[in-house]
Structures are given as structure tokens and as C-alpha cells.
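To start, the structure under review is shown below, and the notes come after it.
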Amino acid sequence: MLKSHSCGELNKKYAGKKVTLAGWVDRRRDHGRLIFIDLRDREGIVQVAFNPEVSDQCHKTANELRNEYVVRVSGEVTFRPPGTENPKLATGDIEIIAQDVEILNPSETPPFYINEDIEVEEGLRLKYRYLDLRRARMQANLLLRHRVVKFIRNFLEAKGFIEIETPILIKSTPEGARDYLVPSRRHAGRFYALPQSPQQLKQLLMVAGVEKYFQIARCFRDEDTRADRQPEFTQLDLEMSFIEQDDILDLFEGLFTSMVETAKPEGPAIKPFPRLTYADAMERYGTDKPDLRFGLEIGDLTDIAAQSDFSIFRSVVDKGGKIKGICAPGCATYTRKQLDELNRVVRELGAEGLITMALGTTTGSLDNLTLDMVRSVAAKFLSLGQIKEMAERLGAEMGDQLLIIAGKPEIVNVALGELRGEMGHRLKLAKPNLFAFTFIVNFPLLKRDEATGQWGPMHHPFTAPRDEDVPLLDTTPEKVRGKHYDMVCNGYEIAGGSLRIYTSHLQRKIFKLLGYSDEEVKENFGHLLEAFDYGAPPHGGVAAGIDRMVMILAGEETIREVIAFPKSQTATDLIFNAPSPVTEEQLAELHLRLREEL
RNA sequence: GGCCCCGUGGUGUAGCGGACUAACAUGCCACCCUGUCACGGUGGAGAUCGGGGGUUCGAAUCCCCCCGGGGUCGCCA
């Protein structure tokens with residue numbers, strides 16, 4: 001090794017010891033005769049003092065040093081003179097008196113600051129990712145991610161799971177996201193596909209008698225990116241045999257609780273994780289991934305509204321619609337402009353409009369509320385009693401603003417769910433350092449495609465229907481609930497899984513319902529159906545987004561911050577400039593010719 | 001594919017039709033400084049405003065197209 005110690009590990013216990021360090025110049029402070037260098041390596045920063053009276057040669061070299069120069073320094077760990085200790089630095093009690101210094105490699109002035117955590121345009125960061133990753137924040141994220149993955153491996157190993165790798169070159173199947181394709185040289189006109197997830201492979205491992213499998217699996221989906229979506233991402237993929245739903249949920253509750261306790265001791269997870277049915281989640285939060293760091297639950301006001309003389313309410317009730325709302329605490333003073341903004345949000349989601357109801361302008365008990373203190377288009381059609389009843393149901397007090405939507409139940413829920421999220425964000429209602437996990441269970445097995453009317457899987461086609469709902473497959477498929485569960489944390493979908501179908505006849509029935517022809521089933525899933533006929537055990541599993549979980553733990557806004565080399569929004573790599581053209585020879589070898597696009 | 005935001009010295013911002021000969025901070029370069037730690041001081045270099053076209057007497061500023069980055073709807077079993 002070129003160094004005997006790391007910069008960050010040194011403290012007063014090392015005083016008097018001669019050490020050799022190597023790292024990057026974080027900062028130089030030149031006092032003319034005396035020069036200080038903050039030397040940085042992965043473990044931290046330590047101050048090096050260059051005194052010409054100790055070594056004139058060293059002092060001369062120190063004069064040449066600039067930020068990000070790579071240097072090697074030898075010297076004695078020394079107590080700083082009394083009064084000059086730096087409490088902001090972990091190593092601030094001591095410094096290195098340089099006796100020998102060597103520039104291992106100079107550096108250009110970096111395109112952005114390495115030694116300060118300031119916002120830099122992300123494209124530039126991605127182009128110089130190797131410098132971006134040198135920054136303390138990104139080093140911390142890399143380390144956190146490593147620890148999370150290490151923790152998962154240890155935890156699952158202790159529970160009897162074994163890690164098995166599955167192929168990256170596999171087959172394109174019709175369902176799901178767009179595939180990334182890899183042309184075959186050996187088989188003209190044929191393609192591999194990169195896995196969207198190892199779903200079928202892990203089920204085959206269950207048939208193989210593995211019983212408890214997991215993998216830190218790279219997955220690929222050729223769809224548009226988002227702050228929490230990348231073309232390639234990493235899942236904790238897991239599957240077990242001979243289990244029931246609670247076995248998976250309990251396992252994950254234990255895994256993620258301990259993970260948070262280990263990675264973020266200051267912000268523990270609430271346990272046990274609340275378990276909500278899909279129907280409840282939609283009714284109360286308007287989404288299947290509610291952020292439970294704050295309340296602000298949606299309340300049903302239909303019965304009260306039905307009593308009123310407000311024509312909008314009456315007509316919606318007559319058509320079988322719902323009137324629901326949430327309370328925006330302290331927002332009675334919202335301006336017309338602010339309310340218009342909220343109105344726009346819900347209209348974009350298909351709601352007719354937002355009915356707002358400002359409850360006075362001062363705080364206090366609802367007992368003091370009078371009709372003329374209520375600002376709302378609906379006010380004159382409602383009695384004071386009706387208004388108070390609505391307010392109480394939404395947990396409102398004086399000074400709050402009720403946000404009410406009337407219409408089709410699904411639209412009302414989703415729009416209010418969006419408003420709930422928006423208000424939670426604006427009012428900063430989410431408690432910091434809190435990890436609010438929840439399981440969502442009893443999803444519908446199927447959803448209907450709006451355009452075609454065709455049934456599609458809510459999760460994927462291998463999810464088992466609940467036993468008591470199986471007869472409904474033939475009559476009312478929309479009522480069939482699946483043995484599917486999601487895990488949500490702070491409003492992000494972190495994991496999803498299900499108990500699987502493990503008999504070929506039920507799997508065939510589902511495929512048929514999903515509109516696959518016998519031909520397609522045989523071609524794409526024949527191997528799986530055949531496997532089920534060779535003693536497939538009951539099994540189920542789950543997959544968790546590692547990137548998203550680490551993002552939440554790191555307090556970051558995008559998963560790019562916890563991926564070493566992420567793609568840009570347009571799915572390009574800004575360091576390598578990938579994707580890139582290839583030579584005519586390469587294409588010919590792969591039996592490919594490029595289409596002439598318009 | 002749609003909608004929205006951003007692009008000004010190396011970096012981060014200000015300027016949003018004429019006073020811009022483009023400002024500020026920081027970084028960079030030089031010199032001074034022996035206890036600083038976001039060291040300090042003095043001086044200096046550095047952008048024709050992402051690219052192209054247009055409107056105008058005049059464009060960083062208004063309009064159109066393109067490129068790049070980001071957010072989002074669709075999409076993501």
C-alpha cells in the first residue's frame with residue numbers, strides 16, 4: 001500500500017505516530033510561510049501542515065498543490081497548538097506535520113466543486129460522474145447502498161435463502177413492458193431479450209426444489225424514465241415454496257424494519273406495518289401507494305350532501321356518484337389563485353371541479369362557526385349544521401379549508417388522493433426521519449383496458465386468484481381478488497409480490513381470460529405450464545426496488561442519486577454516449593440492416 | 001407522442017426590448033501573509049448569453065425550429 005493509514009481514521013490516539021497518507025487535496029490554505037492542506041480520502045479529511053522550518057522541500061511542493069491533486073504525504077501525527085483545534089472536523093484535534101510529500105498525479109481544475117455540496121446541472125454531473133461520485137454526498141450514497149445490499153444478503157442467508165443468478169440473455173415475451181432486445185449472431189433473425197424481472201425463472205427454481213431463493217437482480221424495461229424509474233434497475237427478487245401470504249409479509253416486515261434500524265437508527269420504522277386492503281387504500285387515500293407519514297384522510301360526505309339543496313351534489317348523488325373531501329388545515333386564507341391551482345390539478349385527473357369551503361379565517365373551535373363565516377359557492381345551499389357535520393367528519397377546525405369533489409367514485413378518490421399528496425407536500429405534513437411502511441393487500445386480479453375492453457393482469461399473469469373468488473372468473477372477473485400484495489414506504493411503491501398459480505389448468509384458464517391464443521400460450525409459456533405438471537409446489541414471492549429503498553433511506557429525490565452510473569431521462573449514458581452507432585460489419589454479422597426512417 | 005421548467009465566464013446565479021462596454025458570488029492566475037480550516041489582502045484573466053432562423057432602428061431579453069438537461073401525463077405485466 002502507498003499509505004499506512006486513511007485520513008479519516010486519525011485522531012489524538014495516533015499522536016506521535018509517523019504515518020504515510022495518500023489522497024486528494026480537498027483545499028489549500030496558503031499563509032505564505034505556513035501552508036495547510038486538507039487531505040481527503042474515502043474515510044475523511046485530515047489537515048496537513050507544511051512548515052518550511054520542518055522541510056523546505058515539502059513547503060516548496062505544497063506551493064504547487066491545487067485542488068484534487070493526488071498526493072502522498074508522510075509525517076508525524078501531532079496535537080494541534082491549543083486553541084487551534086477544529087471541532088467541525090472528526091480529525092480536528094490533530095494534524096500531520098509533513099516531512100515528505102510527493103505529487104502522485106496533478107489535476108485539472110474540476111468542472112464543478114468536489115469539496116462543496118452545491119447544486120450542479122445534472123447533465124454535467126453525469127458527464128463527469130467519476131468526479132461527481134468523489135463528492136461526500138455521493139460517497140455516502142454508494143456506501144449506504146452497499147450496506148443495504150450486504151444487510152439483505154446476511155438477513156436472508158440467516159433465514160435459509162440462497163442466492164442464485166439467472167440469465168441476462170433470455171426471451172422476449174408478449175406481456176409487460178417493452179423489451180430490450182439483443183440480436184443473435186448464431187441464429188439469424190432471432191433475438192434474446194433482457195429480463196424485465198426473473199419472474200418465470202424463479203418460479204422454475206421453485207419447481208426445482210430450491211424452496212427459498214433470492215437474487216439481487218438487474219432488470220431492464222424499455223419504457224420512459226421518471227425520477228424513480230430507470231431503464232435498468234435493481235430488485236431484491238425473492239421466492240419461497242410452501243408458504244402463505246403472511247409468511248412473505250412477515251419476512252419483509254422483519255427485513256425492512258431491521259434494515260432501517262441498521263441503516264438509519266435515528267429514524268425508525270413504525271411496526272407492525274399497517275395492512276390495508278386495496279379497496280380501503282383507494283377509499284381513504286385515493287391511491288394504492290399512500291404516504292402514511294401524515295393523516296389527512298379522505299372522508300365520505302355523500303350522505304350529508306344528499307340532504308342539501310346544492311344542485312351539483314344532488315345530481316351527482318342521483319347518478320350514483322360520491323361526494324368526498326379532505327381538510328386542508330390552516331388553508332382557509334388561500335387566495336383565489338391558490339384555489340385555482342388546486343382546481344386545475346383535479347380537473348386534469350378528470351374531476352368536474354373542486355368545491356372549496358373556507359371555515360372562517362381564525363383558528364378555534366367549530367362551535368364558534370357561523371354561516372356568514374363560511375366562504376364557498378355551496379354555502380348558501382347548505383345549513384350550518386350540514387357544514388359543521390362535513391367539517392367534523394373531515395377532522396376540520398376553524399381556519400381550515402375543506403376540499404370537496406363530487407362525481408364518479410373512482411375519479412373522486414384519485415383526484416382527492418392527488419390533492420392529499422399535494423397538500424401534504426405543501427404543508428410539509430410528513431414527519432421527517434420517518435419510514436412509514438404499509439402493505440396493500442387484496443388487489444383486484446384483473447383490470448380492464450379502457451380502449452379495447454380486454455382484461456389485463458393487475459400485477460402479472462402468474463398471480464393466483466383468491467380461492468373463494470375463483471368461481472367468479474367465469475362470471476364477474478372484475479370482482480376477482482388476487483393473492484397479490486404491495487409494500488409501500490412514504491408514498492413509494494417499494495415492493496410487489498404474490499402467491500403464484502402452480503397448476504397448469506388454472507394458469508391456462510387465466511391466460512385464456514387474458515386473451516392469449518393457445519398458440520401464444522404454447523410458444524411463450526409452454527415451458528412453465530409443463531413444469532407445473534411435474535410436481536410444482538405452492539409458492540409465492542416478492543420483488544423490492546433496491547434503488548427506491550436506498551433513495552428513501554438516503555433522503556434523495558431521485559434514484560439516480562443512488563445509482564453509480566445512471567442513464568439520463570432520454571435513456572442515454574452521458575459518459576460513454578451510449579447508445580451509439582455500430583459498424584456495418586457488426587450489423588452484417590448480426591444479420592441486421594437498418595430501416596430508413598423518415 | 002403530449003404538457004411544463006431550465007440552458008448567461010469553470011461553477012452557481014442576476015439581468016427579461018435601449019443606460020449591457022453583460023453584474024454578483026465562488027473558482028482560476030499572480031503577488032503578499034507562520035495557525036488557518038468556506039483563511040485573509042491586493043491585482044488580473046475569463047462568457048457575445050445552448051445552436052439556427054425571424055421580428056425590430058436595436059435582442060441575452062420577443063417569436064419559430066432544433067439540440068441538451070430535468071419534471072410529469074401516456075407508458076411502466
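Chain letters run A, B, ... following the sequence lines, proteins first and then strands; every chain starts at 1.
- Rounded to whole angstrom, the span from the CZ atom of A/R344 across to the C1' atom of B/C3 amounts to 11 Å.
- Residue A/K127 contributes atom NZ, which lies 14 Å from atom P of B/G68 at whole-angstrom precision.
- One atom, CD1 of A/I97, and another, P of B/G35, lie 14 Å apart when rounded to the nearest Å.
- A/R29 has no side-chain polar atom (N or O) that falls below the 4.0 Å cut-off from OP1 or OP2 of B/U36.
- In this structure, A/R33 places its CZ atom 16 Å from P of B/C31, rounding to the nearest Å.
- If you check every strand for non-hydrogen atoms under 4.0 Å, A/S568 touches sugar and phosphate atoms only.
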Interface polar pairs with nucleotides 43-51 of chain B, N/O, under 3.5 angstrom:
none

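- Taking only side-chain nitrogens and oxygens, A/Q569 comes nearer than 4.0 Å to OP1 or OP2 of B/G71.
- Residues A/M206 and A/Y213 meet the side-chain proximity criterion, which asks for heavy atoms closer than 4.5 Å.
- A distance of about 16 Å separates the C1' atoms of B/G69 and B/U8, rounded to the whole Å.
- Evaluated for a side chain to side chain contact (heavy atoms under 4.5 Å, CB included) with A/L21, the options A/L10, A/V77, A/V101, A/D41 yield exactly one hit, A/L10.
- Rounded to the nearest Å, the gap between the C1' atom of B/A22 and that of B/C32 is 32 Å.
- Here the separation of B/A14 from B/G50, taken at their P atoms, is 14 Å to the nearest Å.
- Listed pair A/T572 / B/G69 meets the phosphate criterion, a side-chain N or O lying under 4.0 Å from OP1 or OP2.
- The distance from atom CG of A/N86 to atom P of B/G35 is 16 Å, rounded to the nearest whole Å.
- You'll find the side chain of A/D449 reaches within 4.5 Å of the side chain of A/T452, heavy atoms only.
- Both distances falling under 3.5 Å, in either a Watson-Crick or a G-U wobble arrangement, place B/A23 opposite B/U13.
- Candidate nucleotides B/G70, B/G1, B/C37 were compared by shortest atom distance to the side chain of A/Q47, and B/C37 ranks first.
- In this structure, A/T570 reaches the sugar-phosphate backbone alone: every heavy-atom distance under 4.0 Å involves primed, P, OP1 or OP2 atoms, never a base.
- In A/R42, the CZ atom is not crowded: 12 or fewer heavy atoms of neighbouring residues, nucleotides or ligands sit closer than 6.0 Å.
- The gap from the C1' atom of B/C73 to that of B/U13 amounts to 31 Å, rounded to the nearest Å.
- Across the protein-nucleic acid pair, A/E223 atom CD and B/C73 atom C1' stand 14 Å apart, rounded to whole Å.
- Here A/G123 lies in heavy-atom contact (under 4.0 Å) with sugar-phosphate atoms only.
- In the region residues 477-492 of chain A, proximity to RNA chain B at under 4.0 angstrom, judged on heavy atoms, holds for none of the residues.
- Of the charged side-chain nitrogens involved, none lies within less than 4.0 Å of a carboxylate oxygen, so that A/E341 and A/R336 do not count as a salt-bridged pair.
- With distances taken from any side-chain atom of A/F36 to the nucleotides B/G74, B/U36, B/G70, the minimum falls on B/U36.
- Aromatic ring pairs are classed by plane angle as parallel below 30°, tilted from 30° to 60° and perpendicular above 60°; the pair A/Y128 and A/F112 is perpendicular.
- On a pure distance criterion of 3.5 Å, no polar donor-acceptor pair joins the side chain of A/E557 and the base of B/G70.
- Among the atoms of the strands shown, none is found under 4.0 Å from any heavy atom of A/R28.
- Scanning atom types as modelled, no donor and acceptor separated by under 3.5 angstrom connect the side chain of A/N67 and the base of B/G27.
- Looking at residues 410-423 of chain A, you'll see that no heavy atom sits under 4.0 Å from any atom of RNA chain B.
- With sequence neighbours left out, the side chain to side chain contact (heavy atoms under 4.5 Å, CB included) criterion links A/A217 to A/P198, A/Q215, A/D237.
- In this structure, B/C3 and B/G71 make a Watson-Crick or G-U wobble pair, each of the two defining distances being under 3.5 angstrom.
- Within the 4.0 Å cut-off from OP1 or OP2 of B/A38, at least one side-chain nitrogen or oxygen of A/K88 is found.
- Separation of atoms CZ (A/R508) and CG (A/L529) is listed at 4.5 Å; rounding is to 0.5 Å.
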So which protein N/O to nucleotides 7-12 of chain B N/O distances come out below 3.5 Å?
{"unit_1": "B/G10", "atom_1": "O2'", "unit_2": "A/P111", "atom_2": "O", "d": "3.0"}
{"unit_1": "B/G10", "atom_1": "N2", "unit_2": "A/Y113", "atom_2": "OH", "d": "2.9"}
{"unit_1": "B/U11", "atom_1": "O4'", "unit_2": "A/P111", "atom_2": "O", "d": "3.4"}
{"unit_1": "B/G12", "atom_1": "OP1", "unit_2": "A/E121", "atom_2": "N", "d": "2.8"}

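- Residue side chain A/H31 meets the stacking definition with respect to B/C39: its ring centre sits within less than 5.5 angstrom of the base's six-membered ring centre, and the planes differ by less than 30 degrees.
- Nucleotides B/A25 and B/U42 are separated by 12 Å at their P atoms, to the nearest Å.
- Following rounding to the nearest Å, A/N51 (CG) and B/C33 (P) show an atom-to-atom distance of 15 Å.
- Comparing the C1' positions of B/G7 and B/G12 gives an interatomic distance of 13 Å, to the nearest angstrom.
- Here A/E232 pairs with A/K567 in a salt bridge; the nearest charged N to carboxylate O distance falls below 4.0 Å.
- Salt-bridge formation is not detected for the pair A/E352/A/R347: no Lys NZ or Arg NE/NH1/NH2 atom is positioned less than 4.0 Å from an Asp or Glu carboxylate oxygen.
- Annotation: proximity of residues 74-82 of chain A to RNA chain B (heavy atom, distance under 4.0 Å) is found for A/R80, A/P81, numbered in ascending order.
- Look at A/R226 and you won't find any side-chain N or O under 4.0 angstrom from OP1 or OP2 of B/G70.
- The CZ atom of A/R178 sits 14 Å away from the P atom of B/G74 (whole-angstrom rounding).
- A/N115 comes within contact range of no nucleotide atom at all, as no heavy-atom separation falls under 4.0 Å.
- A donor and an acceptor atom, one from each side chain of A/R29 and A/Q47, are located under 3.5 Å apart.
- Taking only distance into account, the side chain of A/R229 meets the base of B/C76 through a donor-acceptor pair shorter than 3.5 Å.
- With hydrogens and angles left out, the side chain of A/D222 and the base of B/C76 share no donor-acceptor pair within 3.5 Å.
- Contact between A/I37 and A/R28 at its shortest, heavy atoms only, is CD1-CG, 3.5 Å.
- When distances run from any side-chain atom of A/R560 to the nucleotides B/C76, B/G70, B/C75, the shortest one goes to B/G70.
- Judged purely by atom type and a 3.5 angstrom limit, A/T78 uses its side chain to pair as donor or acceptor with the backbone of A/E76.
- Side-chain atoms of A/M423 and A/L403, non-hydrogen and from C-beta on, do get closer than 4.5 Å to each other.
- A/H31 and A/F36 have perpendicular rings, their planes meeting at more than 60° on a 0 to 90° scale where under 30° would count as parallel.
- Each of B/G35, B/G69, B/U72 was ranked by its minimum atom distance to the side chain of A/L574; first place goes to B/G69.
- Heavy atoms of A/E108 sit nowhere under 4.0 angstrom from any nucleic acid atom.
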